[in-house]
2 protein chains.
Amino acid sequence: MRPNKRDELVRKALTVFYRNGFHATGMDMLVAETGVSKTSMYKHFRTKEELILAVLRLRDENFRHWLYRRIEELSDTPEGQLLAMFDALSEWFEKPEFRGCMFIKASAEFQEVNHPIHAQSAAHKQILQDHFASIAKAAGAAEPVKLARQLLLLKEGAIVSAVMARGGGLAGDPAADAKEAARGLLTLHLPQG
Amino acid sequence: MRPNKRDELVRKALTVFYRNGFHATGMDMLVAETGVSKTSMYKHFRTKEELILAVLRLRDENFRHWLYRRIEELSDTPEGQLLAMFDALSEWFEKPEFRGCMFIKASAEFQEVNHPIHAQSAAHKQILQDHFASIAKAAGAAEPVKLARQLLLLKEGAIVSAVMARGGGLAGDPAADAKEAARGLLTLHLPQG
DNA sequence: TGGAAAGTTAACAGATCGGTACACCTAAGC
DNA sequence: GCTTAGGTGTACCGATCTGTTAACTTTCCA
C-alpha cells in the first residue's frame, strides 16, 4: 500500500470522474481504467465517497495552484491580476478536456447541505473568495471582500456559461464578457477609478 | 393514457429529480412517489431520458414564466426590471426547497455536447439571455446583448453561490452582491448613467 | 532465508438499475 | 351480454451498483 500508488489512483480517478460524472462512474469502470484490482482499490479507499473526497482534495490543490500561478505570471499588479483571472479562465475553457467546475458538479450531485462532498465543494469556493479578497485589498479596493464576492460571481457564471456554450448551445464568449464586466466593477471599486 | 395524467407524472417527477438528482433517482423511486405502476410509467415515457426531457420542458416554462411575471410585478421600467431580477432570485434562494438551477445540474450530469438533455439546458439559458437583451434594449443600453450576457453571468454565478452558501459553507449574500454588481454595470451601460 | 505487507485474480453478495412480458381488470361499442 | 382495447399490477429480465471473501503471488527488508 505505497502512498504514491494511492496518489496515482486518485489522479486517474479524477480524470474519469471529471469526464463522466460521479454517480455515472462505477467502481468497476475506475478499476478497469486504473488497471488496479477491485480489492486493491478498496484497500486504499474504504468507500466510493472516500475516493471522491480524495479526488476533490487533489482537484482543489491543482486548480488553485494553477490559477494562482497563472494570474501571477500574467500580471504583477493586484488590479491586473484580478483581471488576468479571466484570461486564465479563457485558457481553461478552450482546452478540449474542459468540462466545467468539478466542485459545482459535485455539489449538484450531492446536494444535502451536511454531505461531506457538498461541504468540501463549498470550502473550495470560500478559499478562492478569500484569496481574491486579499488581492482586492492589495489593489486598494474600498470594500475588498465585497469586490471579491462579485468577482467570484462572475467567475462561477462564466464557468457555467462556458459549459453551456461549449457545443454552440449558448452565444457569447463568457470569459471575455466576464472580464469586461470585471473591469467595470474595478473602476467602480478602486480609488484611482 | 389521458394527457393530463401524463402532465401529473411530469410534475411529480420534476420535484423528485430536483430534490434528488437525475442519475441518483431511479425509475422505481419515481413509480413509488407517483403511485402509478411501472408499466403505466413506461406507457407514457418510452425511456427515462424521454421523461427527463419532458421534465425539463416543464421546468423551462414554469421558471421563465415565474421570473418574467415577478420582475414585471416588482418594477415597470426596463432598467428597474433588470435589477428586480435579483430580488426575484433572492426570493427563490430563500425558499426551503431551493436546490439550485435544474439546468445547470442537468448539464452537469449529462455532459456530452450532443446529448439532448445538455442541448435543452443550453437552450433554456439562451432564451433567458435573449429576453434580458430585449429588456436591456428597451432600457436604452448601448450594447444590449453584451449587457444581457453580463447580467446572465451574474445570475448564474449567484445561483451557484447560493447553492454553496445554503448550509453556511460560503459567506455572503449572492443575490444582494449580484444586484449591486448589476447596478454598477447598468450605470456603465446606460446613457443616463 | 523467512515472513510480513501489499497486490493479485476470481467469484460472489444483496441491492438496484432501466426496461419488459403477461395476465388481469374495467369501461365503451355493438 | 359479449367483445375488445387500453390501463394496471406483479413478477421478472439481464446488467450494473457498491462492497466483500478467500486463496494466491509478489516484493521487500530484517
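Naming: A, B, ... by sequence-line order, numbering from 1 per chain.
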For [X], enumerate each residue passing the ring pair (Phe, Tyr, Trp, His ring centres under 6.0 Å) test, keeping only those at least two apart in sequence or located in another chain.
X	result
A/Phe45	none
B/His131	B/Tyr68
A/Phe63	A/Trp66, A/Trp92, A/His124
A/Phe17	A/Phe22

Item checked: Base versus backbone protein contacts along nucleotides 20-29 of chain D [heavy-atom cut-off under 4.0 Å; B, S, -] -> BBB-------
Taking [atom1] from [X] and [atom2] from [N], how many angstroms apart are they, rounded to a whole number?
X	N	atom1	atom2	value
A/Lys48	D/dC17	NZ	P	8 Å
B/Arg6	D/dT8	CZ	P	14 Å
B/Leu51	C/dC17	CG	C1'	15 Å
A/Met41	C/dA10	CE	P	17 Å

Item checked: Sequence-distant partners of A/Arg69, salt bridge (charged side-chain N to carboxylate O under 4.0 Å, His left out), two or more places apart ->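 Applying salt bridge (charged side-chain N to carboxylate O under 4.0 Å, His left out) to A/Arg69 gives none.
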Next item on the list: Measure the shortest side-chain to side-chain distance between A/Val145 and A/Lys137 over non-hydrogen atoms and say whether it is less than 4.5 angstrom.
Entry: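 The answer is no, as the side chains (C-beta and beyond) never meet within the 4.5 Å cut-off.
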Next item on the list: Would you indicate, yes or no, if D/dG9 has its OP1 or OP2 atom less than 4.0 angstrom from a side-chain nitrogen or oxygen of B/Ser37?
Entry: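 Yes, such a contact exists.
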Next item on the list: Return the set of residues passing side chain to side chain contact (heavy atoms under 4.5 Å, CB included) with B/Gln126 (not counting sequence neighbours), or none when no residue passes.
Entry: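 In terms of side chain to side chain contact (heavy atoms under 4.5 Å, CB included), with neighbours along the sequence ignored, B/Gln126 is linked to A/Leu170, A/Ala171, B/Gln129, B/Asp130.
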Note to self: For B/Val31, give me all partners under side chain to side chain contact (heavy atoms under 4.5 Å, CB included), at least two apart in sequence or on another chain.
What the structure shows: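 Per chain and number, B/Val31 pairs via side chain to side chain contact (heavy atoms under 4.5 Å, CB included) with B/Lys38, B/Met41.
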Notebook entry, point to check: What side-chain hydrogen bond (donor to acceptor under 3.5 Å, both in side chains) pairs are there with at least one residue in residues 96-112 of chain A, not counting sequence neighbours?
Noted result: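 Checked against side-chain hydrogen bond (donor to acceptor under 3.5 Å, both in side chains) - neighbours excluded - the pairs reaching residues 96-112 of chain A are A/His23-A/Glu109, A/Lys105-B/Gln111, A/Gln111-B/Lys105.
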Item checked: Any pair counted as side-chain hydrogen bond (donor to acceptor under 3.5 Å, both in side chains), so long as it reaches residues 155-174 of chain A, sequence neighbours left out ->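 Checked against side-chain hydrogen bond (donor to acceptor under 3.5 Å, both in side chains) - neighbours excluded - the pairs reaching residues 155-174 of chain A are A/Lys125-A/Glu156.
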Item checked: Rounded distance (nearest 0.5 Å) linking atom NZ of B/Lys95 with atom OG of B/Ser90 ->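 B/Lys95 NZ to B/Ser90 OG: 11.5 Å, rounded to 0.5 Å.
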Checklist line | Any residue of residues 108-120 of chain B with a heavy atom less than 4.0 Å from an atom of DNA chain C | finding: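 DNA chain C contact set from residues 108-120 of chain B: none.
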Notebook entry, point to check: Among residues 21-31 of chain A, which residues get a heavy atom nearer than 4.0 Å to DNA chain D?
Noted result: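 Result for residues 21-31 of chain A: A/Thr25, A/Gly26, A/Met27, A/Asp28, sorted by number.
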